[in-house]
Amino acid sequence: PITKEILEKNDALQQAQQNEENSKMLTAPYGNVLVFVIIITLLIMFSLYTPTRTMFKTPRQLWSLVFLTVLQLLAFWIIHNLSGTLNRPDSILPDAIDFMWLYPITFTPVIAVVLYDFRMGLAFATFSAGFFGILNGYDLAATLTSLLVNIAVISPLFRMRYRVQFAWSMIAGVVAAAAAISIMLLLRNRFSFVTFYQTLIAASANIIIFTAVASVLLIHVVERVFSITTVLTLMEMSDFNRPALKRISELAPGTFHHSIQVSNLAESVAETIGANSLLVRVMALYHDLGKTMRPEYFTENQKQGVNPHNNLDPYQSVKILTGHVSQGILLAKEYKIPELVTTGIQEHHGTTLIQYFHHKAKELAKETGKEVKEEDFRYKGPRPQSMETAILMLADVIEATSRSMADTSSEALESMIHKTILDKFMDGQFNESNLSVKELSKLEEAFLHSLDGTYHTRVKYPGQR
């Protein structure tokens, strides 16, 4: 029987328990904050602690990492706050749909893989999947299945060349989402056809919408704001109708033809050592932009054997030749060519010696007794700072030299290529480019294979001499 005394004791016990609960410190929020900090720290450390990484050349580019991290967290936060509204009984969302698949897990991985590379895309995929698992109650299965979806979405974007790859990315994401939803429903003993297809429709719409927003809008915005050059921009720059390329073709047609040949040669050999072949190709197209200021002073543009250098002092000739680099940089700024491509203009000659005019100056000095300093006949540099500009340097010299050769047999080409690479190596031009001796050996074989195909023999037709 509940007497008045027992009722008072029960009330007192309830009051005491409430006071005890209120006095306890709720530590769960602090634990969540620590987990978030650890995950973000690991992402930043992975991004920065990579010896071969060259994409973050300026602080502004480095800030793009922070922006993407905040963007992903903000997207999660917005959807997470909407969950309370969409999970109500009067919500338009069907009851069978699992709300977890409305989180934008593929948002920043798509942006990262296009802006940077596959490794960074994978890093953001892991980062996004980790937070997805936390928001679903530290669910390991949710983390792993969302990572599966992210990898499927970014895989078609590896070595991206065409925008249609975004469509393949969406398709791969939907297929992976179907597998992931099946796994999660089976683990939770909730699998049914209605639940599966309704959840798959919601997840597919999520993947398609956020991938489309990332590809159409945000990649372009981040690229412009943080001065990052993506493969999409490089593809656009390889169009011969670009104003800078039209300038070269109109004012220096010989240089334009030379640039096309160098771009084809450089692109074909870059693949052999894992360099960015598209970047090398675009660099090669623009590397001699400065020659358009005084095209007649460069051999490929001279007609009928008229060489203006015959009437100039060697020091004046060298000033004109080396000037095409600095003038090219100024023109690159005028035409708004990205800095990544401009490095090809600046570094494709490095600090190499202009041997012809150096020798000519020494011959004249024998008569005048004037001292000839070697540094006066060298390009101002800097030396190639990447594999791509080093390949451009070699392709530029090898293509030009091959055009002046009377004997284009395989043996002659092999000897010329070997001597060119050896001379640049001994001159220290590759000291800052991260090129190894093994990679130079691969390049030598690739250059020979490419040039051998260019100078193949043809059958003479009747009446042809």
Side-chain angles (χ1 to χ4, degrees), residues 32 39 68 71-114 121-122 124-157 163-219:
N32 286 333
I39 292 177
L68 288 188
L71 185 65
Q72 183 66 72
L73 293 176
L74 181 63
F76 274 144
W77 179 78
I78 292 173
I79 301 299
H80 189 67
N81 284 340
L82 287 175
S83 62
T85 304
L86 296 176
N87 278 330
R88 291 188 309 184
D90 59 344
S91 170
I92 60 173
L93 201 65
D95 294 336
I97 293 180
D98 193 335
F99 185 83
M100 63 181 284
W101 293 107
L102 296 181
Y103 283 105
I105 55 176
T106 63
F107 196 27
T108 55
V110 169
I111 301 174
V113 74
V114 177
L122 191 58
F124 273 91
T126 307
F127 167 71
S128 177
F131 271 95
F132 180 72
I134 291 173
L135 292 173
N136 284 280
Y138 292 87
D139 191 336
L140 179 60
T143 300
L144 295 178
T145 52
S146 62
L147 182 60
L148 167 68
V149 174
N150 277 335
I151 293 175
V153 168
I154 65 175
S155 292
L157 303 179
R163 291 187 185 274
V164 71
Q165 289 174 253
F166 284 116
W168 288 113
S169 172
M170 295 176 189
I171 294 172
V174 171
V175 172
I181 291 169
S182 299
I183 293 171
M184 293 301 297
L185 292 177
L186 289 170
L187 287 173
R188 295 178 177 181
N189 294 316
R190 291 184 52 210
F191 191 89
S192 68
F193 179 73
V194 173
T195 303
F196 171 76
Y197 89 80
Q198 288 185 351
T199 304
L200 178 59
I201 291 174
S204 300
N206 172 27
I207 292 171
I208 292 171
I209 290 171
F210 280 101
T211 302
V213 170
S215 61
V216 175
L217 176 63
L218 283 175
I219 289 175

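Positions are given from 1 along the sequence. It should be emphasised that the depicted structure is a prediction, and the values quoted were computed from it without experimental measurement.
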[X] [atom1] to [Y] [atom2] distance, which is reported to the nearest 0.5 Å:
| X | Y | atom1 | atom2 | answer |
| --- | --- | --- | --- | --- |
| Asp139 | Met100 | CG | CE | 6.5 Å |
| His80 | Leu102 | NE2 | CG | 13.5 Å |
| Phe107 | Ile79 | CZ | CD1 | 10.0 Å |
| Asn150 | Phe132 | CG | CZ | 9.5 Å |
| Thr195 | Arg188 | OG1 | CZ | 12.0 Å |
| Ile134 | Thr143 | CD1 | OG1 | 7.5 Å |

Using a 4.5 Å cut-off on heavy atoms from C-beta on, say whether the side chain of [Y] contacts that of [X].
| X | Y | answer |
| --- | --- | --- |
| Ile105 | Phe76 | yes |
| Phe127 | Pro109 | no |
| Ile183 | Leu144 | no |

Evaluation steps, side chain to side chain contact (heavy atoms under 4.5 Å, CB included), between Ile111 and Phe124: CA-CA 9 Å; Ile111 301 174; Phe124 273 91; over 6 Å; no
Identify the two heavy atoms, one from [X] and one from [Y], that lie closest to each other, and give their separation to 0.1 Å.
| X | Y | answer |
| --- | --- | --- |
| Ala125 | Ile154 | CB-CD1, 4.4 Å |
| Ile207 | Gly173 | CD1-O, 3.5 Å |
| Ala203 | Ala177 | CB-CB, 4.4 Å |

